[in-house]
**Student:** 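Here's a structure for you.
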Amino acid sequence: MNVVRWGMIGCGSVAERKSGPAFYKAPGSALVAVMGRRLEAVSDYAARHGIERVYTDVDALINDPEVDAVYIATPPDSHHAYALKVAAAGKHCCVEKPMSLSAGQSREMHQAFADAGLHLFVSYYRRSLPRFQQVRQWLEQGRIGEVRHLTWTLTKTPSTTDLQGVGNWRTDPAIAGGGYFADLASHGFDLFQYLLGDIVEVAGFTGRQAGLYAAEDAVSASWRFASGAMGMGCWNFVADRREDRVEVIGSKGRISFSVFDEHPVELQADEQLSLNIEHHAHIQWHHVLGMNAHIRGEAQHPAVAGEALKTDWVMDQVLKRH
């Protein structure tokens, strides 16, 4: 398969710049079809991005014989049902993160693709980004000695949408599986397990401090990695300012970085380094390259469903989802 031909379900904001263009610009990749519920919106997206075929029926896109793999770029409440349809059609798949509404749903998705001998990826693309590859390299080189602790603080002020009570699927637990924590912290937990190994114990507390929406707006959690390193996090989405800071504390030094913001990646050890490593214009570029190489059997891509399941389990524990 020299070129992997993708079909995309959903053409919202994540597909506009972050992901969609990578699927048709990356070498060995093509985006040949797109599906959306509203014909006007999906036709507009297709015209602007040069996509040949447009669908308003999800089954028609999934069963298009010219589609080799399907990218599900919709909110989490649809991932489970759509992914099972893709597996039944005998095609590879990538779902946006979080993988689904719970670890139980995600486990069913993972099993369906495993039984069919197909690949299921999840858009935890930070595993592929050069800035985090640099962090992983420092850790593997032992630059900060044995890892002792990881801390993450992520805060932001309420948005205008939050304050006005306007509908937002990201703060509707029935659609997102939680609130901003489910949407954003999942990226961090997946990245931390990629860098430091599996999380084996976790406990958390949630609150609705401002009560602006149905989901939690404040979360605290602590956890333990299989290595013995500890972790703790603070997430607050009704705070005084935006902050995104991770610090990895070792026996001989420290590494700090941001999960979302493009601040320098810093090493404080036997030498002091501060590196500005910019993201690609289409942030899922490396993720798309990795998936296509994996499908062609050329390399192993790290953002697979089996790994994403571990993050879903952590999220279930913190949010007390069943």
**Student:** Identify whether the distance between the nearest side-chain nitrogen and carboxylate oxygen of Arg143 and Asp270 falls below 4.0 Å.
**Tutor:** yes
**Student:** Suppose we screen for salt bridge (charged side-chain N to carboxylate O under 4.0 Å, His left out). Which residues come up paired with Arg170, at least two apart in sequence or across chains?
**Tutor:** Asp183
**Student:** Checking the side chain of Arg5 only, and the main-chain atoms of Val32 only, is there a donor and an acceptor separated by less than 3.5 Å?
**Tutor:** no
**Student:** Is there a donor in the side chain of Asn168 and an acceptor in the side chain of Thr161, or the other way round, less than 3.5 Å apart?
**Tutor:** no
**Student:** If I compare all heavy atoms of Glu216 with all of Gly179, which pair ends up nearest, and what's the gap?
**Tutor:** OE2-N, 2.8 Å
**Student:** Might you work through the side-chain contact (heavy atoms from CB on, under 4.5 Å) test for Gln133 and His286, ending with a clear yes or no?
**Tutor:** CA-CA 11 Å; Gln133 289 295 321; His286 300 283; over 6 Å; no
**Student:** Is it true that Glu16 and His49 share a donor-acceptor pair across their side chains at a distance under 3.5 Å?
**Tutor:** yes
**Student:** Should the ring pair Phe260 and Trp152 be called parallel, tilted or perpendicular, given that the plane angle runs from 0 to 90° and is split at 30 and 60?
**Tutor:** tilted
**Student:** Could you check Trp235 against Phe189 for ring pair (Phe, Tyr, Trp, His ring centres under 6.0 Å), going step by step and ending with a plain yes or no?
**Tutor:** CA-CA 12 Å; Trp235 303 264; Phe189 279 120; 5.7 Å; yes
**Student:** Under 3.5 Å, is there a donor-acceptor pair between the side chain of Ser100 and the main chain of Ser102?
**Tutor:** yes
**Student:** Does the side chain of Cys93 come within less than 4.5 Å of Leu118's, by heavy atoms?
**Tutor:** no
**Student:** Between Phe225 and Phe192, does the ring pair (Phe, Tyr, Trp, His ring centres under 6.0 Å) criterion hold? Intermediate values first, please.
**Tutor:** CA-CA 9 Å; Phe225 294 95; Phe192 301 156; 7.5 Å; no
**Student:** Mind checking the CG-CG spacing from Leu319 to Leu101? Nearest 0.5 Å is all I need.
**Tutor:** 11.5 Å
**Student:** Any non-hydrogen side-chain atom of Leu212 less than 4.5 Å from a side-chain atom of Asp217?
**Tutor:** no
**Student:** Using side chain to side chain donor-acceptor pair (under 3.5 Å), reason through Trp169 and Asp77 one step at a time and then give a plain yes or no.
**Tutor:** CA-CA 10 Å; Trp169 69 260; Asp77 64 330; over 6 Å; no
**Student:** Within the side chain of His280, is there an N or O that forms a donor-acceptor pair under 3.5 Å with the backbone of His282?
**Tutor:** yes
**Student:** For residues Phe257 and Gln134, determine if any side-chain heavy atom of one lies less than 4.5 Å from a side-chain heavy atom of the other.
**Tutor:** no
**Student:** If you draw a 6.0 Å radius around CD in Glu146, do more than 12 non-hydrogen atoms from other residues or ligands fall strictly inside?
**Tutor:** no
**Student:** Heavy atoms, side chains only, cut-off 4.5 Å: are Trp6 and Asn292 in contact?
**Tutor:** yes
**Student:** Is Arg37 atom CZ crowded by more than 12 heavy atoms from other residues, nucleotides or ligands, each under 6.0 Å away?
**Tutor:** no
**Student:** When you measure from the side chain of Gln317 to the backbone N and O of Glu201, does any donor-acceptor pair fall under 3.5 Å?
**Tutor:** no
**Student:** Provide the closest heavy-atom pair for Val95 versus Ala83 in the form atom of the first, atom of the second, distance.
**Tutor:** CG1-CB, 4.3 Å
**Student:** Measuring from atom NZ of Lys18 to atom OG of Ser123, what distance do you get when rounded to the nearest 0.5 angstrom?
**Tutor:** 10.5 Å
**Student:** Determine yes or no for a side-chain-to-main-chain donor-acceptor pair under 3.5 angstrom, with Ser220 supplying the side chain and Phe205 the backbone.
**Tutor:** no
**Student:** Test Val219 against Val318 for side-chain contact (heavy atoms from CB on, under 4.5 Å), laying out the working first.
**Tutor:** CA-CA 8 Å; Val219 179; Val318 176; 3.6 Å; yes
**Student:** Has Lys91 got a side-chain atom pairing as donor or acceptor with Ile62's backbone, closer than 3.5 angstrom?
**Tutor:** yes
**Student:** Taking all non-hydrogen atoms of both residues into account, name the closest pair between Ala239 and Pro158 and its distance.
**Tutor:** O-CD, 4.1 Å
**Student:** Just wondering, are more than 12 heavy atoms of other shown residues or ligands nearer than 6.0 Å to CZ in Arg17?
**Tutor:** no
**Student:** Going hydrophobic residue to hydrophobic residue with side-chain gaps under 4.5 angstrom, can you get from Val246 over to Phe237?
**Tutor:** yes
**Student:** Under 3.5 Å, is there a donor-acceptor pair between the side chain of His79 and the main chain of Met99?
**Tutor:** yes
**Student:** So, do Phe181 and Thr206 sit near enough that their side-chain heavy atoms are less than 4.5 Å apart?
**Tutor:** no
**Student:** Taking CD in Glu278 as the centre, count heavy atoms belonging to other residues, nucleotides or ligands within less than 6.0 Å. Is the count above 12?
**Tutor:** no
**Student:** Is a side-chain donor-acceptor pair under 3.5 Å present for Glu247 with Gln268?
**Tutor:** no
**Student:** Judged by atom type as modelled, is there a donor-acceptor pair below 3.5 Å linking the side chain of His92 to the main-chain atoms of Ala69?
**Tutor:** no
**Student:** Going through the checks in order, is the side chain to side chain donor-acceptor pair (under 3.5 Å) test met by His80 and Glu108?
**Tutor:** CA-CA 8 Å; His80 178 259; Glu108 291 179 5; 2.7 Å; yes
**Student:** Is any side-chain heavy atom of His279 less than 4.5 Å from a side-chain heavy atom of Tyr125?
**Tutor:** no
**Student:** Step through it carefully: locate the ring centre of His287, locate the ring centre of Tyr124, and say whether they are under 6.0 Å apart.
**Tutor:** no
**Student:** Please check if the number of heavy atoms outside Gln272 that lie under 6.0 Å from its CD is greater than 12.
**Tutor:** yes
**Student:** I need the Asn276 CG to Arg131 CZ distance, nearest 0.5 Å.
**Tutor:** 8.5 Å
**Student:** When hydrophobic residues are tied together by side-chain contacts of less than 4.5 Å, even through go-betweens, does Ile255 share a cluster with Val147?
**Tutor:** yes
**Student:** Examine distances only and state if a side-chain atom of Ser186 and a backbone atom of Asp312 form a donor-acceptor pair shorter than 3.5 Å.
**Tutor:** no
**Student:** Nearest 0.5 Å please: distance from the CG atom of Leu195 over to the CD atom of Glu140.
**Tutor:** 9.0 Å
**Student:** Tyr55 pairs by side chain to side chain contact (heavy atoms under 4.5 Å, CB included) with which of Asp64, Val34, Val42, Leu39?
**Tutor:** Asp64
**Student:** Please determine whether residues Met35 and Ile51 belong to a single hydrophobic cluster, defined as Ile, Leu, Val, Met, Phe, Trp and Tyr linked transitively by side-chain heavy-atom distances below 4.5 Å.
**Tutor:** no
**Student:** Leu184, Phe132: one ILVMFWY side-chain cluster at the under-4.5 Å cut-off?
**Tutor:** yes
**Student:** Ignoring hydrogens, what is the shortest heavy-atom contact between Ser251 and Arg148? Give both atom names and the distance.
**Tutor:** CB-NH2, 3.6 Å
**Student:** With no hydrogens and no angle check, just 3.5 Å: does a side-chain donor-acceptor pair link Ser256 and Glu266?
**Tutor:** yes
**Student:** Can you tell which of Lys310, Arg127, Arg126 makes a side-chain hydrogen bond (donor to acceptor under 3.5 Å, both in side chains) with Asp190?
**Tutor:** Arg127
**Student:** Is any side-chain heavy atom of Thr311 closer than 4.5 Å to a side-chain heavy atom of Lys97?
**Tutor:** no
**Student:** CZ of Arg136 to CG of Leu129: how many Å apart, nearest 0.5 Å?
**Tutor:** 13.5 Å
**Student:** Is a side-chain N or O of Ser258 found less than 3.5 angstrom from the main chain of Asp244, in a donor-acceptor match?
**Tutor:** yes
**Student:** Let me confirm one number: the CD1-SG distance from Ile9 to Cys94, rounded to the nearest 0.5 Å.
**Tutor:** 11.5 Å
**Student:** Under a single-linkage definition using a 4.5 Å side-chain heavy-atom cutoff for Ile, Leu, Val, Met, Phe, Trp and Tyr, are Ile175 and Met109 assigned to the same hydrophobic cluster?
**Tutor:** no
**Student:** If you take all heavy atoms of Tyr194 and Pro302, which pair is closest and at what distance?
**Tutor:** CE1-CB, 3.9 Å
**Student:** Check Phe23 against Ser29 and note the closest heavy-atom contact, atom names and distance.
**Tutor:** O-OG, 2.6 Å
**Student:** Are side-chain heavy atoms of Tyr71 and Val288 found at a separation under 4.5 Å?
**Tutor:** no
